[in-house]
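Remarks on the structure that follows.
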Amino acid sequence: DLVSRTLVEHFKAKGRPTPTGSPPETLTQVMSGQIEVGWGTAPYPKDISEGKARILARGNDAPKLAGLTTRVHAVNARFAEKSPQAVKSFLKAYNNTINAVYTDPKVQARAAALIKVQPDELKRIMNDMLPRPAFVMTKLSDIDASIAPAVATQALMAPPNDAQEA
């Protein structure tokens with residue numbers, strides 16, 4: 001919803017963001033003419049590679065979204081306090097895995113097989129939709145830009161308090 005609303009605002013479009021569900025549900029609605037524009041994530045559906053649908057915009061097309069943190073790993077405070085080494089080990093393994101996907105051709109081949117795409121399609125997805133900087137884990141950017149719309153659309157009941165942000 002944040003991405004849709006921000007893209008509509010950025011391009012001064014007349015569209016009205018409408019909840020449509022998951023990417024497969026949204027694609028069905030687009031392809032059947034129930035809605036004109038939908039959202040999706042990588043890997044690309046065949047309808048795009050076959051030219052039946054096309055990508056109009058990406059979230060990063062709106063400057064407000066380009067540096068926004070959109071994915072996080074959360075752990076409850078009790079576990080983090082009780083098992084700091086497990087948290088550190090997970091984060092290190094996650095970062096090493098992401099690095100391998102972006103640098104090791106063997107890992108890229110396995111990743112492509114896992115998501116059922118050809119290796120060249122995986123590289124296009126990584127370059128176009130999931131660039132390596134999107135997975136930086138050492139910096140949270142513009143959290144308020146995510147919180148305000150989440151509260152406005154009732155995805156969050158209220159902004160986090162100081163204890164929740166700590």
Side-chain angles (χ1 to χ4, degrees), residues 1-75 91 94-95 97-99 101-103 108 111-162 164-166:
D1 193 51
L2 169 65
V3 173
S4 300
R5 290 178 186 282
T6 305
L7 286 170
V8 166
E9 177 188 305
H10 174 72
F11 289 111
K12 297 176 179 46
K14 295 181 182 174
R16 181 175 47 91
T18 304
T20 56
S22 70
E25 294 165 330
T26 301
L27 181 63
T28 297
Q29 293 171 62
V30 169
M31 299 309 290
S32 66
Q34 296 172 54
I35 59 175
E36 293 179 5
V37 177
W39 73 280
T41 60
Y44 303 113
K46 285 185 180 179
D47 298 285
I48 289 177
S49 60
E50 293 171 356
K52 296 176 186 174
R54 66 188 181 102
I55 296 171
L56 295 176
R58 292 179 176 83
N60 285 346
D61 291 346
K64 271 187 178 179
L65 297 172
L68 187 69
T69 297
T70 57
R71 56 183 65 80
V72 298
H73 297 287
V75 62
L91 293 172
Y94 178 86
N95 196 50
T97 301
I98 296 299
N99 283 338
V101 170
Y102 281 84
T103 59
Q108 290 172 358
L114 182 67
I115 63 171
K116 298 179 174 82
V117 299
Q118 294 299 314
D120 60 326
E121 178 72 2
L122 177 73
K123 287 180 183 174
R124 189 167 69 112
I125 289 167
M126 290 173 17
N127 289 335
D128 294 352
M129 304 276 289
L130 302 168
R132 178 63 179 103
F135 294 93
V136 169
M137 298 180 357
T138 56
K139 177 181 156 195
L140 294 177
S141 301
D142 207 2
I143 299 302
D144 291 336
S146 295
I147 292 172
V151 171
T153 60
Q154 297 179 344
L156 286 176
M157 298 305 291
N161 60 39
D162 291 341
Q164 291 168 323
E165 285 187 6

Between atom CD of Glu121 and atom CE of Met126, what is the distance when rounded to the nearest 0.5 Å? 12.0 Å
Kindly compute the distance separating CG (Asp47) from CG (Leu27), expressed to the nearest 0.5 Å. 5.0 Å
Hey, what's the ring geometry for Tyr94 with His73, parallel, tilted or perpendicular (30° and 60° as the breaks)? perpendicular
Value for CD1 (Ile35) from CD (Gln29), rounded to nearest 0.5 Å, stands at 4.5 Å
I need the minimum non-hydrogen distance between Gly38 and Thr26, along with the two atoms involved. CA-CG2, 3.4 Å
Quick check on Gln34: does its CD atom have over 12 non-hydrogen neighbours (other residues, nucleotides or ligands) under 6.0 Å away? yes
Gln154 atom CD, over 12 foreign heavy atoms within 6.0 Å: no
What are the two closest heavy atoms between Gly21 and Glu25, and how far apart are they? CA-OE1, 3.1 Å
Minimal non-hydrogen separation, Arg132 against Tyr102, with atom names: N-CE2, 3.6 Å
What closest approach, in Å, do Pro17 and Gly15 show between heavy atoms, and which atom pair accounts for it? CD-O, 3.9 Å
Identify the two heavy atoms, one from Leu122 and one from Ala111, that lie closest to each other, and give their separation to 0.1 Å. CD2-CB, 4.0 Å
How close do Val151 and Ala158 get, heavy atom to heavy atom, and via which atoms? CG2-C, 3.7 Å
Could you please spell out the steps behind the side-chain contact (heavy atoms from CB on, under 4.5 Å) verdict for His10 and Lys64? CA-CA 9 Å; His10 174 72; Lys64 271 187 178 179; over 6 Å; no
Kindly compute the distance separating CG (Asp61) from OG1 (Thr6), expressed to the nearest 0.5 Å. 12.0 Å
Rounded distance [0.5 Å steps], CD1 in Ile125 versus CD1 in Ile115: 4.5 Å
